[in-house]
Structure formats: C-alpha cells, structure tokens
Amino acid sequence: MTFKNPVIGGFNPDPSICRVGDDYYLVTSTFEYFPGIPIYHSRDLVNWEHIANAITRQSQLPMETAKPSAGIWAPTIRYDNGRFYITATFSEKGNFIVSAEDPCGEWSDPVWTEMDGIDPSMMFDSGKMYYCANDCGSRGRLYKTEGISVAEMDPNTGKVIGEIKRVWDGTGGGWIEAPHIYHIGEWYYILAAEGGTNMCHMEIAARSRSIWGPYENCPYNPILTNRNDTTKQASCCGHADFIEDANGSGWLVHLATRPYVSGKTPLGRETFLTPVEWKDGWPLAVNKKARIENEINAVQQKTGVREFGFQTQEWEPEWISVRGRREENVLRGDGKLILRPSQNKLNDMQGIPIFMAIRQPDFECTIEAELDFTPQEDGDEVGVAAYLTPCNNYRICKKRENDRNYIAVIKRADDFIQEAYCAEVPDGRLKLKIISHEGKYEFMYSVNNGEFISAATASAKFLTTDVAERCFTGTVIGVYAESDKDTPAEAVVYSYMVK
C-alpha cells in the first residue's frame, strides 16, 4: 500500500521519534510559539494525532521576548524505564530536559543541562544516559570548528558525569547539526545533518565500536539528500531520526519542504517518513532520497474538516499563539470564544498579541471564522490572519477608523504595507474566510449570513520562508484582536473551521 508524504503536514520541522511497544511518539520544533513542543502519537508511522504539548505552562519557558524563529529548537524524545524525556535548546538560556510518565499528562519543569550546543540528543544505554550536541553552537565555544561532542549525564539533574568529549567532526559539508546516537548490534551509529537547512541539506552517518569513538564515516554519505533530485517534489531533506518498527524495518523521520509557488513554500518544513535499507552494515534511505509516495503496510487516512465550537474551556492541543498566551484575553466555553483586544499587536517583535492560531495544514485549504464584533474606538480591530512573522502577514478584519466600521484586508511583506480592500460594513455577525489556493490567498466575508464577498487576493510567495529573513517556522492562521489603547470592546467567536 502507498502512503504520501508529508505524514505530518504544515509547520512541523526537526522531527524526533521514539517507540514504546506498538506506540510511536514524535515531537517537532515550535520556536516562538506557545504551547511548545507538540507530541504526536501513531500506531503505524503514517497516521498521526496531536495528543499533547510538552511546554504548557508559561513558567516553564518564558518566551515573551523571544525573537521570530528563536525560542525552542530541535527537540529529541526518548523513553527509558517507564518515563519519557525530551531535550531541546531554548535560545534565551541553553539546553534543557523535561520528563513525564504520561506523554498526555503534565511535563516537568525544565532541568538545565551542564552541556549546551545546538540540537541536543539523548541515548539511554545499559543504565546510563549519554548526551550529544553540536558543540560549536555552545555558548562557551568549546571548539573553533564544528563537531559533535558526547558526555554521560544524569537526565534528572542535567549534571555531566565525567568529561565532555569531542567524538566526530562530520564530513565537512558544513553546518553539522541534529546529531543522534544509536546502539545497534556491536556498533554505535551517529546520524547528523549537514549542508544547512536549505536546498543543500543532507543526512550523514558514522559508526564506532565505542560511543567515545573513533568514528568512521559512512562510505555512502550522504545517506539522504534531495539536492540533486530532478523531480523537485521534495527538497531541503535532512535533520533525521531513526526508528525500527515492530517488524524490524528501519525508517527515517526527517524534515523536508514541498515547493509550491515559485519553488517556495508558505508551510515551512514538514515531517516526512522515508524507508531505510541496510548496505554493508550502514543504514541508507531507500534510493538515498525522500519521495512523496512510499510503500508501507498501513492505510493512510484522509484528513477531513476540523471544526472548533469552543464548548469547553480547555484548548485543543493544535491551538498555538505567539510568545505565550494571555488567558484573561482569550476566554472560551459554552460555544463561544471571547477575544479581548490588547495593545500588543501582530506586527510587534516582542510581547504577546491576542492571537489564537492553527498551523496551515496544506497548500489547498479553507479557514473560516464566524464572529460578532462591535468596535468601540478608533484602532479597535478583530479578524483572521495568515501569519508567518511580524513582518510577513495578511489579515482580513473588522476595524474602526474615523468613527466608522470597516472590513479591511491588510497585507504586510517586510516594510511594504498595503490596505488592499476597505469597505464600510454594518453591525452584525460576520463570517471571515481565507482560502489558500493556486499559489495565492483569497479573502472573503459575509454579513448576517449573506452572500460571501471576495475582498482581495494576495500572493502566497510573500508568506514563504524563503522570502522572510531567516525564517524557520511556517504559516499559521487564526483569530486575533488588537487596539491602539485599552478598550472595552470584545469579540465573540462562535466557530472556527479548517478544511
């Protein structure tokens, strides 16, 4: 049977995976978004459900000052002796470990490690935990050149046991990152990414009889790359984690992008699944590249309509916001979501805007919100936004200006800001819709269940990670509320639908 990549679509980069019996658990990077580190569950490696998040309390990691694409980087998930562990880099401080017995339960407060360096990973082996990272990315700059260092560590305290030792310098492809170590048979294998997370991205491997090295490079490196793939269906493949399924077959979960408009993507890096074949004792991606279609003994389910009616106070795990969440400004329950505008705005580089969003699930999709909002003062604004960064976002909104209420479409691309549509609108329930289709976004609205009016279109190109400067995330779409000053205005959102 054939499954199609990505297995987890939309903004889901840097995947890491572990298996507990017949259950698989996978995490990805969230950068400046809260809650942080989504946890996905699967029984077949193809169909995944977002079941929880590891960073659910703002006291765990305060991100209010995190810059775009800063925050939480490259988590690794592992399981040992009845407990799950996740380690990652927090750009504001260093590396941390959180843990939990139940992945759907409360995760611990962070334990800060004595070893830093970007993209940390853990391996439990014979009652010990070994920690590895790109040491050149460490704040202490242990080495002037790139490489991977390893140390034994107590996972419950973050304290290093013994010394930190450089064990591998990679292959010289540059930007070595995302190291993972595995003990398979008589060998310790290191997988890591090189080439930078762009068109030259690749996965490489090395092995040793001892975890401390010396490591020999795989003669077939890179073991995964799409840099010379003429089909152009997938690119930027790398940052992989290896897993063996219950039948003994090997797989790589890794990031990749799908070109969409002018070879660029608004979704960012997504999670792919690629089969592994062994050659002379080395794990290689089949054909050494990722494909959109692959074979697996599983039936891939189609994703249907996702509708949120806000019946309960609890947030579904898919909902994220920028740099935190102001609970007093986003109240939900009994079929309503109440948004209270704030002076923190979507275009601000710091602070927490009132913005509740879902990752854009695919290139072709529709997002619709039904709401009621009566602005009280000039500057009051509520709407639906397609958001990549503070400097790259589109929005359709109801706002007040010169004591009149308008529907407006506002486009921002770097320092270019355009009001592409503006029309006076009467009070009443609104339906605001964003349609992503054929390389563009279309913005539509309806008043009091009337016919939808097409307000404006905008190219998806300006919400792609290639255009936004050093952007590692992806487009999210959600409802927001903001104002120029404190205001009594409130918006009531009755439903939010993604299809």
Side-chain angles (χ1 to χ4, degrees), residues 14-19 74 76-80 87 115 117-137 142-143 145-153 162-195 201-225 237-245 248-255 273-290:
D14 309 333
S16 175
I17 190 172
C18 71
R19 179 168 71 91
T76 294
I77 185 169
R78 296 292 183 258
Y79 178 82
D80 180 66
T87 187
M115 177 178 170
I118 64 170
D119 298 1
S121 182
M122 301 171 289
M123 185 197 68
F124 291 88
D125 188 43
S126 301
K128 297 180 179 180
M129 190 273 272
Y130 297 94
Y131 201 76
C132 67
N134 174 350
D135 52 41
C136 193
L142 300 178
Y143 300 90
T145 58
E146 294 183 306
I148 305 302
S149 284
V150 173
E152 184 184 346
M153 182 180 291
E163 297 182 355
I164 302 172
K165 182 181 178 181
R166 165 73 71 90
V167 298
W168 188 42
D169 296 323
T171 68
W175 303 102
I176 187 168
E177 57 189 351
H180 295 299
I181 300 180
Y182 314 89
H183 191 181
I184 304 173
E186 298 179 352
W187 294 98
Y188 288 89
Y189 292 86
I190 294 183
L191 300 187
E194 282 188 337
H201 212 31
M202 59 184 173
E203 193 72 13
I204 57 173
R207 71 184 182 187
S208 171
R209 298 286 186 180
S210 166
I211 193 170
W212 305 109
Y215 282 84
E216 61 172 310
N217 287 346
C218 173
Y220 307 110
N221 279 328
I223 65 169
L224 167 70
T225 187
C237 300
H239 201 118
D241 200 2
F242 173 83
I243 194 71
E244 194 174 77
D245 66 23
S249 299
W251 301 87
L252 294 176
V253 293
H254 60 91
L255 66 79
L273 176 70
T274 296
V276 166
E277 60 184 357
W278 289 84
K279 183 176 182 179
D280 301 328
W282 293 99
L284 312 177
V286 171
N287 299 311
K288 296 180 66 174
K289 66 180 180 181

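Quick caveat: nothing in here was measured; it's all calculated off a predicted structure. Hydrogens, waters and symmetry mates are skipped; everything else that's a heavy atom, side chains included, is used.
- Residues satisfying the ring pair (Phe, Tyr, Trp, His ring centres under 6.0 Å) criterion with Y188, sequence neighbours excluded, are H183.
- With rounding to the nearest 0.5 angstrom, the CD1 atom of I184 is 4.0 Å from the CH2 atom of W278.
- T171 meets the side-chain hydrogen bond (donor to acceptor under 3.5 Å, both in side chains) test with E194; sequence neighbours excluded.
- Residue pairs meeting the salt bridge (charged side-chain N to carboxylate O under 4.0 Å, His left out) criterion with at least one member in residues 170-181, sequence neighbours excluded, do not occur.
- Residue P179 comes nearest to C132 through the heavy atom pair O-SG, 3.7 Å, listed as atom of the first residue, atom of the second, then distance.
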Any chance you could lay out the side-chain contact (heavy atoms from CB on, under 4.5 Å) test for H254 and L224, step after step, and finish with the verdict? CA-CA 10 Å; H254 60 91; L224 167 70; 3.7 Å; yes

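- Here the shortest heavy-atom pairing between P15 and D241 reads O-CB, 3.9 Å.
- For the pair M122 and T76, the tightest heavy-atom approach, listed with the atom from each and the gap, is CE-O, 3.8 Å.
- Scanning for salt bridge (Lys or Arg N to Asp or Glu O under 4.0 Å) contacts around K288 gives an empty result, with sequence neighbours left out.
- Counting heavy atoms from C-beta on, the side chains of L252 and P283 never come closer than 4.5 Å.
- N217 meets the side-chain hydrogen bond (donor to acceptor under 3.5 Å, both in side chains) test with W168; sequence neighbours excluded.
- T274 OG1 to L284 CG: the interatomic distance, rounded to the nearest 0.5 Å, is 12.5 Å.
- A distance of 8.0 Å separates CD of E244 from OG of S249, quoted to the nearest 0.5 Å.
- What you find for Y215 and S210 is that their closest heavy atoms are OH-O, 3.6 Å.
- To the nearest 0.5 angstrom, I77 atom CD1 is 4.0 Å from C18 atom SG.
- E152 approaches W212 most closely through the heavy-atom pair N-CH2, 4.0 Å.
- Here the CZ-CE distance, from R78 to M123, works out to 9.5 Å after rounding to the nearest 0.5 Å.
- A distance-only check finds a donor-acceptor pair linking the side chain of N221 to the backbone of A205 [under 3.5 Å].
- Among the candidates V150, L191, I148, the single residue satisfying the side-chain contact (heavy atoms from CB on, under 4.5 Å) test with I181 is V150.
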Walk me through whether Y220 and D280 qualify under side-chain contact (heavy atoms from CB on, under 4.5 Å). CA-CA 10 Å; Y220 307 110; D280 301 328; 2.3 Å; yes

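- Here CZ of F242 is found 13.0 Å from OG of S16. Values are rounded to the nearest 0.5 Å.
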CA sep, side-chain torsions, deciding dist, call: D119, H239, side-chain contact (heavy atoms from CB on, under 4.5 Å): CA-CA 10 Å; D119 298 1; H239 201 118; 3.6 Å; yes

Before giving the answer on side-chain contact (heavy atoms from CB on, under 4.5 Å), spell out for R166 and T145 the whole-Å C-alpha distance, their side-chain angles and the decisive distance to 0.1 Å. CA-CA 11 Å; R166 165 73 71 90; T145 58; 3.7 Å; yes

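- Counting heavy-atom neighbours within 6.0 Å of W282 CH2, excluding the residue itself, gives a total above 12.
- For the pair T87 (side chain) and S121 (backbone), a donor-acceptor distance under 3.5 Å is absent.
- Residues E146 and I176 share a closest heavy-atom pair of OE2-N, 3.4 Å.
- Residue pairs that meet the salt bridge (charged side-chain N to carboxylate O under 4.0 Å, His left out) test with at least one member in residues 203-216, sequence neighbours left out, are E186-R209, R207-E216.
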